[in-house]
**Q** 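Quick one: structure below, then a few questions.
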Amino acid sequence: MISAEASAEERGTSVSKPLTLIYRGPLDSCNYGCTYCPFAKKPETSEQKAADERALERCLEWIRAYAVGSSRRPQAVSSETISIFFTPWGEALHHARYREAIIELSHLPGVRKVAIQTNLAGSLDWLAEANRDRVGIWATWHPTEVGQERFLRNVTRLRDLGVSHSVGVVGIRHRVEEIEALRAALPQGTAMWVNAFSPDGGAVRPGYYDADTIARIAAVDPLFEVGLLRFASRGRTCAAGRTVLAIDGDGTARRCHFLPKVLGNLYADRLEDILTDKPCSRPVCDCHIGYVHLDDLRAGEVYVDGLLERVPDPAWADPAGYLARARGLAHPAR
């Protein structure tokens, strides 16, 4: 375990790291109607649209200033790069403002990566205007909302455009055959993941998956077991807070989406006063966008430049080592 007292060199932080903002504004509308989602088929009112537009533009203003070097950067983060990861409650690419934001950000000289979680429902022609080497797409297939053939057409379009992307699905057990069919239909080099299903968004219920189902899903996603675990995160060092910040629409900054403590406001406070290099206070971490930043898990060795969009590095070939580290970090009350 990498302790809080360990040196920066021991934690791999002896050199500055790029800053990553995980942005989630007030948007909570979606064009899909998944039964397990509280935002299903929720329309956006004109007032909500205006509020989300203001929030997004304020975030873009800050990033523009940071990317071109007019905002003071702490020593802990790189003076050259910033990455942005959009993790909306609803579907963001359904709205032109997010598509335009990604295009703009991808061309800013100081931006390393701009990634987004999406259902991939709309046209992707807009990506032709982006710097596609800097764009990452985390695409989720919703089989109750769109057929596999139509979804795959957009996946093919991403591949043709040369955009880094992963494809995934929620691992509902009675849909294992559909999950296997999706993997079979995808090009071999396309990264595919399966999220463990939990009806309440917490830990996977004991017994939900039997051994055969786990084996079948693991054949599709060799890292599926990682998502079945709950990591004992309390007391462990993490990039969250150190070089990664979760940002709300009003600029409120937290270490990650799963810790309520406010570190400050991105727009009102100095970044060096917001960033904190302290161990995690949460007993368990059980969401991919949280635990991949745990230092002890060393997920960066697996995903490298594809960390945000969940694309393992093509040269990585050690699932056994990653799984062993994950098991070693698992909370005993899994």
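None of these values were measured; they are calculated from a predicted model.
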**Q** Show every ring pair (Phe, Tyr, Trp, His ring centres under 6.0 Å) that has at least one partner inside residues 91-132, sequence neighbours left out.
**A** F86-Y98
**Q** Side chains of residues 135-149: which donor-acceptor partners sit under 3.5 Å, not counting sequence neighbours?
**A**
| unit_1 | atom_1 | unit_2 | atom_2 | d |
| --- | --- | --- | --- | --- |
| W141 | NE1 | V146 | O | 3.1 |
| E145 | OE1 | G33 | N | 2.9 |

**Q** Among all residues two or more places apart in sequence or in another chain, which pass the ring pair (Phe, Tyr, Trp, His ring centres under 6.0 Å) test with F231?
**A** Y291
**Q** Who pairs with D250 by salt bridge (Lys or Arg N to Asp or Glu O under 4.0 Å), at least two apart in sequence or on another chain?
**A** none
**Q** Less than 3.5 Å apart, which donor and acceptor atoms pair up between the side chains of residues 157-175 and the rest of the protein, not counting sequence neighbours?
**A**
| unit_1 | atom_1 | unit_2 | atom_2 | d |
| --- | --- | --- | --- | --- |
| R157 | NH2 | D125 | OD1 | 3.2 |
| S164 | OG | E309 | OE2 | 2.6 |
| H165 | ND1 | V163 | O | 2.7 |
| S166 | OG | W193 | NE1 | 2.9 |
| S166 | OG | E309 | O | 2.7 |
| R173 | NH1 | Y208 | O | 2.7 |
| R175 | NH1 | E178 | OE1 | 2.6 |
| R175 | NH1 | E178 | OE2 | 3.3 |

**Q** Output the distance between atom CZ (R153) and atom CG (L124), rounded to the nearest 0.5 Å.
**A** 12.0 Å
**Q** Which heavy atom of H293 sits nearest to which heavy atom of I289, and what is that distance?
**A** CD2-O, 3.3 Å
**Q** Listed by chain and number, what are the side chain to side chain contact (heavy atoms under 4.5 Å, CB included) partners of E301, not counting sequence neighbours?
**A** R298, R325
**Q** Which atom pair, heavy atoms only, marks the closest approach of L259 to R254?
**A** O-CD, 3.1 Å
**Q** Provide the full list of ring pair (Phe, Tyr, Trp, His ring centres under 6.0 Å) pairs with a residue in residues 304-327, sequence neighbours left out, each pair given once.
**A** none
**Q** State, with a plain yes or no, whether a side-chain heavy atom of R99 is found less than 4.5 Å away from one of L93.
**A** yes
**Q** On a heavy-atom basis, which atom in G249 and which in P26 lie closest, and how many Å separate them?
**A** CA-CD, 4.1 Å
**Q** So, using side chain to side chain donor-acceptor pair (under 3.5 Å) as the criterion, who are the partners of R216 when residues are at least two apart?
**A** E180
**Q** Quick one: does I247's side chain get under 4.5 Å of W62's, heavy atoms only?
**A** no
**Q** My understanding is that only residues two or more places apart in sequence, or in another chain, count here; which of them pass side chain to side chain contact (heavy atoms under 4.5 Å, CB included) with D28?
**A** F39, K42, Q48, W89
**Q** Scan residues 83-94 for pairs that pass salt bridge (charged side-chain N to carboxylate O under 4.0 Å, His left out), counting only residues two or more places apart or in two chains.
**A** none
**Q** Please list, chain by chain and in numerical order, all residues satisfying side chain to side chain contact (heavy atoms under 4.5 Å, CB included) with A232, sequence neighbours excluded.
**A** H331
**Q** What residues form a side chain to side chain contact (heavy atoms under 4.5 Å, CB included) with E61, not counting sequence neighbours?
**A** E57, R58, R64
**Q** Could you tell me the separation between the CD atom of Q117 and the CD1 atom of I22, rounded to the nearest 0.5 Å?
**A** 9.0 Å
